[in-house]
Amino acid sequence: MAKFCTQCGRPLKDGEICTCQQKKNNAAKMEYTAPEQKDNSNTAGPNNEQQSAGYFDANGWNAGAGASMGKTDAGSGQQGQAGNGTDSNTFTYSFSTADWVPFGKLLGFGESEKNDVTGCFERGKKIVPELVAPCEQEIPVKQYDICNARSKIRGVWQEGRLQVTNKRILFRMSGRSWIGRAMDYKEFNIDEVAGISISNGVRFSIFDFIIGLLISCVIILLFGARFGIEVAFSSSSIFRGLMFLISNIGGLAAIGSFFIVKKKYFIKLLIMSLATGLLTMSVIATRSVFLHGFSSFLSILSVILTIVSLFLFALKPSMSIMVQTKCESAAPICILSPRSVVSVTEVLPGDDADIAIEELGSMIMDIQKFGDYGIKKWKED
């Protein structure tokens with residue numbers, strides 16, 4: 001049976017394709033231009049992959065996909081024209097120094113930017129409301145200058161104050177260090193406080209003991225060994241006798257001052273170290289058996305008193321403040337307690353330390369139990 005072209009009606013052989021169909025297909029291929037493959041995941045939405053997956057068949061390019069890709073390409077073209085006349089696929093890099101950190105600041109060179117120490121001790125000020133904002137209906141009741149803290153290594157001196165209000169217990173230490181101001185602050189809800197422990201005692205400072213020992217050794221060796229050897233090998237008997245007299249008189253005066261001067265343990269340590277050095281020099285310098293025995297006795301006595309002065313110098317007053325709260329843990333919260341032997345921070349009692357020990361617990365209980373009556377009873381004028 002003869003076959004005919006469905007378009008032009010020309011008779012066709014078996015398997016032959018009409019030339020009008022071939023021309024039509026070639027024209028369709030020439031008109032189609034494959035869209036540029038781009039990553040439009042941020043702009044084309046969740047169906048971007050489906051829109052980019054177009055296909056070509058005998059009827060031409062899929063219309064839906066072509067329209068979608070056309071819109072996407074048009075948008076990309078507009079963006080490319082708007083961005084300094086560059087193509088949308090061109091990446092531009094810009095560097096900004098706004099977020100750079102200076103090398104000196106990164107390594108810690110130079111001064112701190114917050115080393116202003118004007119008014120750092122906050123003397124004469126109430127914690128609430130002058131330093132800390134009061135909460136709703138908060139009434140300051142009483143404030144204590146309870147302690148002072150110092151550290152010789154860090155150059156820190158802080159003055160600690162404790163204030164009680166009808167809402168809170170506030171502890172604030174303010175002062176200065178070698179590089180600027182130093183401040184510590186803690187507060188507690190007065191309803192959660194179960195008790196306060198304040199101790200005013202003594203601790204043994206290893207740091208002060210080592211410093212005092214080094215100073216004593218230097219003084220004793222300087223006056224005892226060096227000058228003693230020079231006096232001993234001196235050919236002048238008058239010079240040796242004069243140095244013996246001076247050293248023994250100085251040693252006796254130093255031993256007497258130990259029992260006369262009260263406290264001032266560092267000064268006592270210096271005086272007794274000097275006396276030990278002088279008496280050691282007299283022991284080395286004298287050639288008389290009697291005078292040698294007398295100087296040896298005084299020298300041994302001065303050594304004992306020097307050791308006593310060294311230990312007394314290493315004993316430092318120390319204060320600790322702890323708060324027991326109504327929580328699951330029975331361990332108290334330490335506000336300030338550098339009672340350690342190796343601690344370089346000393347906590348000294350303040351002017352109101354004894355008063356705070358006497359009345360702080362009663363004040364807290366009255367405020368918790370009686371409210372306004374407790375406030376009226378303890379409130380400062």
Side-chain angles (χ1 to χ4, degrees), residues 108 112 115 117 120-121 147-160 173-184 199-229 247 250-284 298-321 334 336-350 353:
S112 172
N115 62 347
V117 295
C120 61
F121 292 104
C147 65
N148 298 309
R150 70 184 177 192
S151 173
K152 300 181 181 69
I153 294 179
R154 295 179 294 154
V156 173
W157 177 267
Q158 293 176 289
E159 298 177 356
M173 294 192 68
S174 57
R176 64 176 300 167
S177 64
W178 292 123
I179 62 172
R181 66 184 307 159
M183 192 269 290
D184 298 302
S199 63
N200 185 8
V202 178
R203 71 181 183 93
F204 183 82
S205 174
I206 291 291
F207 175 78
D208 291 324
F209 179 82
I210 294 175
I211 294 298
L213 181 61
L214 292 175
I215 294 174
S216 298
C217 291
V218 170
I219 295 175
I220 292 173
L221 291 176
L222 180 62
F223 286 91
R226 178 176 173 78
F227 292 163
I229 293 174
S247 60
L252 288 172
I255 293 173
S257 66
F258 178 86
F259 298 98
I260 297 174
V261 178
K262 297 181 179 179
K263 298 184 178 179
K264 306 295 182 182
Y265 300 122
F266 182 67
I267 297 176
K268 283 186 177 183
L269 178 62
L270 295 179
I271 294 175
M272 293 311 306
S273 299
L274 179 60
T276 301
L278 292 174
L279 291 172
T280 303
M281 179 181 66
S282 69
V283 171
I284 297 174
L298 293 180
S299 179
I300 294 173
L301 181 59
S302 66
V303 169
I304 295 174
L305 295 179
T306 301
I307 295 174
V308 173
S309 300
L310 179 61
F311 275 91
L312 291 176
F313 171 68
L315 295 178
K316 301 297 180 182
S318 183
M319 193 171 187
S320 65
I321 306 172
C334 173
L336 199 63
S337 181
R339 301 293 293 272
S340 173
V341 172
V342 296
S343 175
V344 296
T345 301
E346 302 172 22
V347 181
L348 312 176

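For the numbers below, each heavy atom of this structure counts, side chains included, while hydrogens, waters and symmetry mates do not. We're numbering straight along the sequence, starting at 1.
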K.L.:
Can you find a heavy atom in the side chain of F266 that is under 4.5 Å from one in the side chain of I215?
P.N.:
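With C-beta onward as the side chain, the pair touches.
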K.L.:
For T280 versus S299, what's the shortest heavy-atom pair and its separation?
P.N.:
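Closest approach of T280 to S299: OG1-OG, 3.7 Å.
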K.L.:
Begin from the C-alpha positions of Y265 and F311 and carry the test side-chain contact (heavy atoms from CB on, under 4.5 Å) through to its verdict.
P.N.:
CA-CA 9 Å; Y265 300 122; F311 275 91; over 6 Å; no
K.L.:
Looking at K262 and F259, would you say the former's side chain and the latter's main chain have a donor-acceptor pair under 3.5 Å?
P.N.:
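Not confirmed, K262 side chain does not pair with F259 backbone.
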K.L.:
Any side-chain donor paired with an acceptor under 3.5 Å for S320 and S199?
P.N.:
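Result is yes, a qualifying pair exists.
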K.L.:
Side chains of W178 and I153: closer than 4.5 Å at any heavy-atom pair?
P.N.:
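Heavy-atom side-chain distance check fails, nothing below 4.5 Å.
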K.L.:
Of M173, R150, R176, which meets side-chain contact (heavy atoms from CB on, under 4.5 Å) against Q158?
P.N.:
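When M173, R150, R176 are each tested with Q158, the side-chain contact (heavy atoms from CB on, under 4.5 Å) holds only for M173.
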K.L.:
Taking all atoms of both residues into account, what is the closest heavy-atom pair of S216 and L269, and its distance?
P.N.:
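Here S216 and L269 meet closest at OG-CD1, 3.2 Å.
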K.L.:
I'd like to check R203 versus L315 (side-chain heavy atoms, cut-off strictly below 4.5 Å). Are they in contact?
P.N.:
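They are not in side-chain contact.
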K.L.:
Kindly indicate whether the side chain of N148, heavy atoms from C-beta on, has any atom under 4.5 Å from the side chain of W157.
P.N.:
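SC-SC contact between N148 and W157 confirmed.
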K.L.:
Taking all atoms of both residues into account, what is the closest heavy-atom pair of L279 and L298, and its distance?
P.N.:
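That would be CD1-O, 3.2 Å.
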K.L.:
Using modelled atom types and a 3.5 Å cut-off, is there a donor and acceptor pairing between side-chain atoms of S174 and backbone atoms of F121?
P.N.:
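Checking the backbone N and O of F121 against the side chain of S174, a donor-acceptor pair under 3.5 Å is found.
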K.L.:
Taking all non-hydrogen atoms of both residues into account, name the closest pair between V156 and S177 and its distance.
P.N.:
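Reported closest heavy-atom pair: CG2-CB, 3.6 Å.
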K.L.:
Looking at M272 and A254, what are the two nearest heavy atoms and their distance?
P.N.:
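Result for this residue pair: SD-O, 3.5 Å.
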K.L.:
For the atom pair CG (L252) and OG (S257), what is the distance rounded to the nearest 0.5 Å?
P.N.:
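Going from the CG atom of L252 to the OG atom of S257 covers 11.0 Å.
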K.L.:
I would like to know whether T306 and T276 meet side chain to side chain donor-acceptor pair (under 3.5 Å); could you show each step before the answer?
P.N.:
CA-CA 8 Å; T306 301; T276 301; 3.0 Å; yes
K.L.:
Is any side-chain heavy atom of I211 closer than 4.5 Å to a side-chain heavy atom of K152?
P.N.:
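They are not in contact (no side-chain heavy atoms under 4.5 Å apart), so the answer is no.
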K.L.:
Take K268 and V308, measure what side-chain contact (heavy atoms from CB on, under 4.5 Å) needs, and give me the verdict at the end.
P.N.:
CA-CA 10 Å; K268 283 186 177 183; V308 173; over 6 Å; no
K.L.:
One pair to check against side-chain contact (heavy atoms from CB on, under 4.5 Å): V261 and I267. What are the steps and the verdict?
P.N.:
CA-CA 9 Å; V261 178; I267 297 176; 5.9 Å; no
K.L.:
Provide the closest heavy-atom pair for L310 versus L213 in the form atom of the first, atom of the second, distance.
P.N.:
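What the structure gives for the nearest pair is CD1-N, 3.4 Å.
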K.L.:
Working to the nearest 0.5 angstrom, can you tell me the gap between C217 SG and L222 CG?
P.N.:
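Answer rounded to 0.5 Å: 12.5 Å.
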